[in-house]
Amino acid sequence: MFTEWYPNPEDPQLGVFIEKHARAAAVNHQVTLLYIRTSKQNQEKFRVEIQEGNPRIISITIKRSVFLWTRKFRYFQSVKKAIKMIGEFDLLHLQVCGKNALASDYFFHEKPMLITEHWSGFLRNEKKGLIPEKDLSKAFHKAKLISAVSEPLKESIENRFSIQGVKIIPNVIEFSEKKNSIHNGIRIVVVADLVDKIKNISGILEACSQIEFPENSQLVIIGDGQDASHLKLLAGQLTFHSLQVQFLGRLKNEDTLHEISSSDFLIMNSFHETFSMVTAEAIASGIPVIATRCGGPEQFVDPENGILIQPGSQAELIAAIQHMLTNYSRYDAENIRKSILDKYGFEKVSEILKQIYSEIY
């Protein structure tokens, strides 16, 4: 696998779903995963770290440069370094199409290639970073097979690149068992990158300021991003009734799952999501959810495990929170968990990957 996103010390939440895809693929195959990133904190031009096992992880961190051509040169040099460590392989699996597609076309053009796309920007018809549209299109048309993690993302890719037959490979859902809350009041959890134009965390804060909560209730926000300071300032300016707002920053996946399972319900208020791992993980943990109809959660959120609302609707969000405050304990944790693990459990996704790999090679 050659991925654009992967958990790292600066962002342990980045591409957690790709790490899980790699582990699921490794059940039936020998997998090497290559991840190249730039970092301002890196003092060396190249830092190579190898984690042996299956999957085998080759992580290369590049010293960030202000010059575009220097960044491109170092990226391609990193791939050349990795080639010696990777050795022979049969199939190239790109996770999130970006610079890895340009490098793969140059270095691995003879290998059969699968692309799995996760990027929600396709749902918003955005341009993709530094990769020109013609090169992105070339990669999608060259691939032996293309997959996406949700039906709306599949349709967006097919329409944008005039291709058919995109497959669905769902994300792997893991969980912590539902734990009894140690808090006296209700505990609500939000997990998101703090990019408000996409995740609409401000909408959650403003909605909560209009609701009377039971004593000692908590709103726990996990994540970080460009709008963290703005959202913390907004939380300080709003008046909350018996609700304490906490920003925990980014956490490792296992710690995030623990926080989710220790809560009473989760809110996901995004404008766009290709899947929404955190929503699925909350359901797998046995807690109900409030989620927007934003492209991903419609696949697995139903009246048995939560409430779907329209993106950007403050009235629906307020009503859903008020409903959850009095009804969250009526949801059956085992039924909630079963509703998603049958579709997106580790063994299920492992079998899907095995079948898709067999179609290509």
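The chain is numbered in sequence order, starting from 1.
Arg74 and Thr70 share no side-chain donor-acceptor pair at under 3.5 Å. Checking Thr116 against His21 by side-chain atom types alone, no donor-acceptor pair falls below 3.5 Å. Side chains of Ser270 and Glu273: a donor on one and an acceptor on the other come within 3.5 Å. Remark: the Ser202 side chain and the Asp196 side chain contain an N/O donor-acceptor pair separated by less than 3.5 Å. Using modelled atom types and a 3.5 Å distance limit, the side chains of His323 and Tyr328 yield no donor-acceptor pair. For the residue pair Ser150 / Thr274, no side-chain donor-acceptor distance below 3.5 Å is found, with atom types taken as modelled. Residues Arg56 and Gln51 have side chains that never bring a donor and an acceptor to within less than 3.5 angstrom of each other.
For the pair Asp135 and Asp105, the minimum side-chain heavy-atom distance is 4.5 Å or more. Between Leu219 and Val190, the closest side-chain pair of non-hydrogen atoms falls below 4.5 Å. Inter-residue side-chain proximity for Leu94 and Thr3 is flagged as unmet; no heavy-atom pair is nearer than 4.5 Å. With contacts defined as side-chain heavy-atom distances shorter than 4.5 Å, the pair Glu133/Phe161 qualifies. Ser276 has its side chain within reach of Pro297: a pair of non-hydrogen atoms, C-beta onward, lies under 4.5 Å apart. You'll find the side chain of Glu155 stays beyond 4.5 Å of the side chain of Val166, heavy atoms only. Using a 4.5 Å heavy-atom threshold, the side chains of Arg71 and Ile62 count as separate. Contact annotation: the side chain of Thr279 approaches that of Phe300 to within less than 4.5 Å [non-hydrogen atoms, C-beta and beyond].
One N or O on the side chain of Glu298 and one on the backbone of Gly296 form a donor-acceptor pair closer than 3.5 Å. The backbone N or O of Pro152 lies less than 3.5 Å from a partner atom in the side chain of Ser156, making a donor-acceptor pair. A side-chain donor-acceptor contact under 3.5 Å links Ser209 to the backbone of Glu206. For Asn100 (side chain) and Ala103 (main-chain N/O), no donor-acceptor pair under 3.5 Å exists by modelled atom type. Although no hydrogens or angles enter the test, the distance criterion places a donor-acceptor pair under 3.5 Å between the side chain of Arg337 and the main chain of Ala284. Asp264 places no side-chain N or O within 3.5 Å of a backbone atom of Ile186 that could act as its donor or acceptor partner.
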Given side chain to side chain donor-acceptor pair (under 3.5 Å), test Asn8 with Ser59 step by step and report yes or no.
-> CA-CA 9 Å; Asn8 62 78; Ser59 176; over 6 Å; no
Passes side-chain contact (heavy atoms from CB on, under 4.5 Å), Tyr331 versus Met324? Steps please.
-> CA-CA 10 Å; Tyr331 289 86; Met324 279 293 183; 3.7 Å; yes
Full working for side-chain contact (heavy atoms from CB on, under 4.5 Å) between Phe2 and Ile36 | CA-CA 9 Å; Phe2 191 178; Ile36 301 171; 4.2 Å; yes
CA sep, side-chain torsions, deciding dist, call: Tyr35, Arg37, side-chain contact (heavy atoms from CB on, under 4.5 Å) | CA-CA 7 Å; Tyr35 172 51; Arg37 71 182 183 99; 3.4 Å; yes
Please walk me through it: do Ile57 and Ile50 pass side-chain contact (heavy atoms from CB on, under 4.5 Å)?
-> CA-CA 6 Å; Ile57 312 299; Ile50 301 177; over 6 Å; no
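Under a 4.0 Å N-O distance rule, the pair Glu359/Lys167 qualifies as a salt bridge. No salt bridge links Lys40 with Glu10; every basic N to acidic carboxylate O contact stays at or beyond 4.0 Å. Salt-bridge check for Lys128 with Glu117: passed, with a basic side-chain N closer than 4.0 Å to an acidic carboxylate O. Using a 4.0 Å cut-off between charged side-chain N and carboxylate O, Lys338 and Glu334 make no salt bridge. Under the 4.0 Å criterion applied to side-chain N and carboxylate O atoms, Asp193 and Lys199 are not assigned as salt-bridge partners.
Cation-pi contact between Lys63 and Phe46: absent, since separation from the ring centre below 6.0 Å together with deviation from the ring axis within 45° is not met. A cation-pi contact, defined as under 6.0 Å to the ring centre and within 45° of the axis, is absent between Lys20 and Phe346.
The cluster map of Ile, Leu, Val, Met, Phe, Trp and Tyr, joined by side-chain heavy atoms under 4.5 Å apart, puts Ile307 and Val278 in the same cluster. Connection of Ile222 to Phe265 is established within a shared hydrophobic cluster, with ILVMFWY side chains joined at heavy-atom distances below 4.5 Å, either directly or through further cluster members.
Nearest heavy atoms, Tyr106 versus Phe76: CB-CE2, 4.1 Å. Between Cys97 and Leu136, the shortest heavy-atom contact is SG-CD1, 3.8 Å. Between Arg330 and Asn327, the closest heavy-atom pair is NH1-OD1, 2.8 Å. When all heavy atoms of Pro170 and Ile352 are compared, the pair lying nearest together is CD-CD1, 3.7 Å. Among all heavy-atom pairs drawn from Leu353 and Ala24, the shortest one is CD1-CB, 3.9 Å. Across Ala22 and Leu33, no two heavy atoms sit closer than the pair CB-CD1, 3.8 Å.
Of the residues Tyr344, Trp119, Phe17, the one that meets the ring-ring contact (aromatic ring centres under 6.0 Å, His included) test with Phe275 is Tyr344.
Atom NZ of Lys354 sits in a sparse spot, with 12 or fewer heavy atoms from other residues, nucleotides or ligands closer than 6.0 Å. Heavy atoms of other residues, nucleotides or ligands lying less than 6.0 angstrom from CD of Gln310 number more than 12. Heavy-atom contacts from other residues, nucleotides or ligands closer than 6.0 Å to NZ of Lys144 number 12 or fewer.
A distance of 8.5 Å separates NE2 in His93 from CD1 in Ile18, rounded to the nearest 0.5 Å.
Taking the six-membered ring where tryptophan is involved, the planes of Tyr357 and His29 are perpendicular, since the angle between them exceeds 60° and thus also 30°.
If you look at Phe89 and Phe108, their ring centroids are closer than 6.0 Å.
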